[in-house]
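Right, one structure below, let's go through it.
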Amino acid sequence: MATTLDRSPAADTLPAEIWFTRCPVPTATGIAYKLGWLSEAFAADGIALRTLQESGSELGRHHYDHRLPTLIREGGNMLSIAARAQGEPTRLVGLTWIEESQLILTRPDTGIRSAADLKGRRLALPGWSRNDIPAHVRGTSIARGMSLHGYKGVLASAGLSFDDVELVEVADRLRNIGGSGRDLGPRRSGLGRLWPIEALVAGKVDAIYVKGASALDGARAAGLVVAVDLDALPDRRFRVNNGTPRPITVHQSLIDDHFDLLVRFLAVTLRAADHVAAEPGRLRQILEFETEGSPEAVDRAYGRLHEGLHPTLDTERLELLDQQKKFLFTYGFLDADFALEDWVDRRPLDAALALNASQNSPALA
């Protein structure tokens, strides 16, 4: 059960609501929310916990630009890195690492069964997004960025490079994301609809990159097979992508004005991660909702979920995120580069860990 901080800001300084947002993937924040722990943690102070995914409002655009002062975001790093590169005053307060079924798919008749077999083959590269969110056209080209980095890692694992394959550009399936009349939040965007499965089935390409439970459902329905399982690659550097590692970011004003509330939020998130580690079998229903995948796909995609759900800011995860940032800048997904260390603020997570430790202390029991 969630608990609250012993010390709270004065009631007249508390915000009426705290917002959070997450992508349709497993996150500690999403699990804590579905368990009811986050709402409970703030209810006594009269603070409403609201999520962009279920808000049904135009505020959904802030999942992309992070301009909502009381917003806490746990999601793909492409959007959070792009927002920081655009000059948004955000801070990185945690990183998770969740293996979530990154795959190279092919048709049964291609004979591609390993990374080495990709040499000389045609790989689908989704086109650039065209949407009406200013300054985030490139940063929101999620399918392109993920596919490109996925191929780069797989090829490198076999001693290959982009010089050894043919990248075939295909239309971005979410080209109109953020367009008129469409919910700007990520909920129900459909990861299974993100990938160019039709191009592979039609024989226009020989292989595609996909990620997540709903993509597995789509692949199964289309009769596709797995050529390479990136999660099986032993070197984590080959698996760095939009969701690995996955950042938790906040607006600077939330740290400056409501530090204790952020600490409370992170403390509950950490306890939700503990819950997953202790009882992973109870979470299938939550994961089906969060990922939009079938029970079978969830079991396959997230069998190791509990291993990396706890947010940290350890050296390895920061180095891997820096690898992703450099990739995004090199391949044109960012308007500018920035120093990763200037983005990090360790204080909220350190305080959340200390809070949970104090509440679990036998001396305080």
>> For Arg113, is there any backbone N or O sitting under 3.5 Å from a side-chain donor or acceptor partner on Asp117?
In response: yes
> Is the distance between the ring centroids of Tyr33 and Phe20 less than 6.0 Å?
Replying inline: yes
>> Using the rule side chain to side chain donor-acceptor pair (under 3.5 Å), only one of His62, His63, His251 pairs with Arg73; which is it?
In response: His63
> Under 3.5 Å, is there a donor-acceptor pair linking the side chains of His310 and Asp274?
Replying inline: yes
>> Under 3.5 Å, is there a donor on one side chain and an acceptor on the other for His66 and Thr249?
In response: yes
>> I want to check a possible cation-pi pair here: Lys152 against Phe162, using under 6.0 Å from ring centre and within 45° of the ring axis as the test.
In response: no
> Side chains of Trp343 and Thr90: donor-acceptor distance under 3.5 Å anywhere?
Replying inline: yes
> Between the main-chain N or O of Leu313 and the side-chain N or O of Arg346, is there a donor-acceptor pair closer than 3.5 Å?
Replying inline: yes
> If only atom types and distance count, is the side chain of Glu17 paired as donor or acceptor with the main-chain N or O of Ala48 below 3.5 Å?
Replying inline: no
>> Using a 6.0 Å cut-off, check whether atom CZ of Arg237 has over 12 heavy atoms from anything other than its own residue.
In response: no
> Is there a donor-acceptor pair under 3.5 Å between the side chain of Tyr151 and the backbone N or O of Ala124?
Replying inline: yes
> Do you see a donor-acceptor pair shorter than 3.5 Å between the side chains of Arg317 and Thr312?
Replying inline: yes
>> Could you check whether His275 and Trp37 have their ring centres less than 6.0 Å apart?
In response: yes
> Does Asp45 use its side chain to pair, donor to acceptor, with the backbone of Ile47 at less than 3.5 Å?
Replying inline: no
> Would you call the rings of Trp195 and Tyr209 parallel, tilted or perpendicular if under 30° counts as parallel and over 60° as perpendicular?
Replying inline: perpendicular
>> Looking at Thr110 and Thr106, would you say the former's side chain and the latter's main chain have a donor-acceptor pair under 3.5 Å?
In response: no
>> Is it the case that the side chain of Asn356 and the backbone of Ala267 share a donor-acceptor pair, with hydrogens and angles ignored and the cut-off at 3.5 Å?
In response: yes
> Between Thr27 (side chain) and Gly30 (backbone), is there a donor-acceptor pair under 3.5 Å?
Replying inline: yes
> Quick check, are the ring centers of Phe329 and Phe333 under 6.0 angstrom apart?
Replying inline: no
